[in-house]
Amino acid sequence: DDDTLYTVQILMSDTGGGHRASANALRDAFDVLHPGKFECDIVDIYTEYGPFWPFNGYVQGYKLMAKYPWTWDLFFRFGETDFGLWLNEFLLTTFCYEPFKECMNRPSGSTNKRADMVVSVHPLCQDLPLKILKDLDSGNERTTPFVTVVTDLGGAHKTWFNAGVDKCFVPSDALNKKAQSRGLDPKTQIVQYGLPIRKGFWSTTTNAEFSQQSTSNKKRIPFFSKPKDNINDKVSSSSKDKLREKLGLEQDLPTCLVVGGGDGMGGIVPISSALGKKLGSINDDDDNDDDCPNYQMVVVCGSNKEAKATLENMDFGPGVQVNVQGFVNNMDEWMNASDCLVTKAGPGTIAEASICGLPCMLFAYLPGQEEGNVPYVENAGFGKYSGNPEVIADTVFSWLSSPETMESMKEAALKAARPSATLDIARDMADIAFSAKTKLSTKEKVLVAVR
Ligand code: UDP
């Protein structure tokens, strides 16, 4: 009936910013699709319910390892071996079963009972939560729906994939294949829409061709699908002008945005410095001494205050107008105001850039799950990777000075974009919750009748 409230527990941990961002995006999508009908309980189950170290210290541990990527590389690879997978499951089951059970049994939203459905947006929230749910459903069979939404893009750890889930939402062909290799059924379990990302990126104009692998969903119409010829470039360029005005940027300069993930990592200072100086030197040879810049560079330093201070005091030369920002909450506006992006290979940033049609110069990736984001971008034809600041500067300069290259990369980015993914996933999840409740109430009615 219409007043039914559905509660969803979203399990995650704040290892990197992406898991919570995706969880929030899914919550927002429920609100848009079914206002007032869904309540989400988003929980960092490791930090809040991990019984002791290391289980409750994953967030700091991840941050530390991300700083020294070789340590993360070792950890990731060991975790993918049969022994690593077994050890992880053994330790979790031994030490976290009871506290995690308490978490999953907690009253959800404004109700006094546990959630109607459980969603994992984290690689370490499949195996044990599935066992616990079966136990909570007090039978040999799990009745509470459980789905995984993978928040990585071109690569992902094996622990994301458990053949016991009802659905596993994957964002890319590479992860679709990996899910299959872990025993998930491509017809009944794997659904490929895209990465769930923030609301600000949902409705951006796109000419993305909607393609999905799941045969069961093949005929579904994407929420924001638009025929290709509906795209009106003039509309997007005038909104770009408005955005530039709002953000205090120059109107007519080719503009490059530099982002180092939420933490401003991955060498954002040397890269911005090399790129800024390259672009800044461009009109040095000009005979006229009017110091008009030819390019614009925006650097978003995220929470890296030191990088912001260093770049603010740097001299780049007269050829470039430089704008340095700290953490911004309107990334959709900064991206839509720019012409290309230089970034660490974070899944969220790449998916967002693709929706905005930005060619991407990737400058760093975390070994393991972010490694696959490089071929994801390169094979789709909307970017390149280099770890060398000079090569990055030269490449970006060559892009910005070739309108044809920019245009074809923009098209490739838009083609790879999946701006309707978040709503598509939430819509499917809502359907799962609805049908589970119907099944449950039918079962209850039958039981009453039998009695
Ligand atoms: N971001 C933001 N403001 C900033 C810097 C980054 O909102 O100042 C967002 C960015 O748009 C993206 C996320 O932070 O959604 C970074 O996610 P990603 O997966 O790219 O990398 P992570 O930081 O999680 O490694």
Side-chain angles (χ1 to χ4, degrees), residues 12-26 28 44 58-59 61-69 72 76 121-123 149-157 160 171-172 175 194-202 204 247 257-268 271-272 298-308 311 323-338 341-356 358 360-374 376-377 383 385 417-419 421-422:
M12 44 80 64
S13 182
D14 286 306
T15 50
H19 305 293
R20 189 173 291 274
S22 293
N24 289 339
L26 291 170
D28 293 345
D44 181 339
Y58 279 5
V59 173
Y62 180 79
K63 250 189 203 149
L64 197 68
M65 283 194 264
K67 236 181 183 170
Y68 305 99
W72 178 249
F76 187 96
V121 293
H122 195 276
V149 181
V150 181
T151 65
D152 279 315
L153 189 58
H157 200 278
W160 271 110
S172 63
L175 297 196
L195 200 71
I197 44 160
R198 249 171 317 152
K199 207 174 177 177
F201 290 93
W202 294 353
T204 314
L247 298 170
L257 176 67
V258 187
V259 184
D263 299 326
M265 303 287 277
I268 195 167
I271 284 148
S272 307
V298 180
V299 188
V300 171
C301 300
S303 54
N304 189 341
K305 294 200 174 79
E306 216 176 300
K308 183 170 184 266
L311 290 167
N323 185 313
V324 182
Q325 298 288 322
F327 192 92
V328 302
N329 285 312
N330 53 345
M331 189 59 90
D332 51 319
E333 295 185 334
W334 288 101
M335 283 194 184
N336 280 314
S338 303
L341 179 72
V342 178
T343 180
K344 175 187 92 82
T349 309
I350 291 172
E352 292 164 358
S354 161
I355 289 173
C356 300
L358 295 180
C360 291
M361 182 73 220
L362 305 175
F363 63 73
Y365 58 82
L366 210 53
Q369 78 271 27
E370 284 187 357
E371 228 167 287
N373 297 345
V374 173
Y376 175 87
V377 169
Y385 166 84
R418 297 288 177 265
T422 318

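Atoms considered below: every heavy atom in the structure, side chains included; atoms not considered: hydrogens, waters and symmetry mates. Both ligands and their constituent atoms are indexed starting at 1 by order of listing.
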Chemist: Closer than 4.0 angstrom: is that true for some heavy atom of Lys344 and an atom of ligand 1?
Modeler: yes

Chemist: Below 4.0 Å from ligand 1: does a non-hydrogen atom of Arg198 turn up there or not?
Modeler: yes

Chemist: Considering both backbone and side-chain atoms of Val328, is one of its nitrogen or oxygen atoms within less than 3.5 Å of a nitrogen or oxygen in ligand 1?
Modeler: yes

Chemist: Quick check on Pro347 - does any of its heavy atoms sit under 4.0 Å from an atom of ligand 1?
Modeler: yes

Chemist: Rounded at 0.5 Å granularity, tell me how far CG in Asp28 sits from NZ in Lys199.
Modeler: 5.5 Å

Chemist: Taking distance alone, with N or O pairs closer than 3.5 Å, would you say Asn329 contacts ligand 1?
Modeler: no

Chemist: Looking at Val298, Asn336, Asn323, Asn330, which hits side-chain contact (heavy atoms from CB on, under 4.5 Å) with Leu247?
Modeler: Asn330

Chemist: Taking atom 19 (O) of ligand 1 as the point of reference, which of Ala345, Gly348, Ser303 owns the nearest heavy atom?
Modeler: Gly348

Chemist: Please identify each residue that fulfils side-chain contact (heavy atoms from CB on, under 4.5 Å) with Thr151, with sequence neighbours left out.
Modeler: His19, Ser22, Val121, Trp160

Chemist: Taking side-chain contact (heavy atoms from CB on, under 4.5 Å) as the test, write out the residues that go with Ser272, two or more places apart.
Modeler: Val258, Ile268, Met297, Val299, Leu311

Chemist: Ignoring hydrogens and angles, tell me if any N or O in the side chain of Ser354 forms a donor-acceptor pair with the backbone of Ile350 under 3.5 Å.
Modeler: no

Chemist: Would you mind listing which atoms of ligand 1 come within a distance below 4.0 Å of any non-hydrogen atom of Val300?
Modeler: 4 (C), 8 (O)

Chemist: Which atoms of ligand 1 have any heavy atom of Gly18 under 4.0 Å away?
Modeler: 24 (O)

Chemist: Can you sort out which atoms of ligand 1 are near Met331, meaning under 4.0 Å from one of its heavy atoms?
Modeler: 1 (N), 2 (C), 3 (N), 4 (C), 5 (C), 6 (C), 11 (O)

Chemist: With no hydrogens and no angle check, just 3.5 Å: does a side-chain donor-acceptor pair link Glu370 and Trp72?
Modeler: no

Chemist: Closer than 3.5 angstrom, by distance alone: can the side chain of Asn373 be matched with the main-chain N or O of Gly154 as a donor-acceptor pair?
Modeler: yes

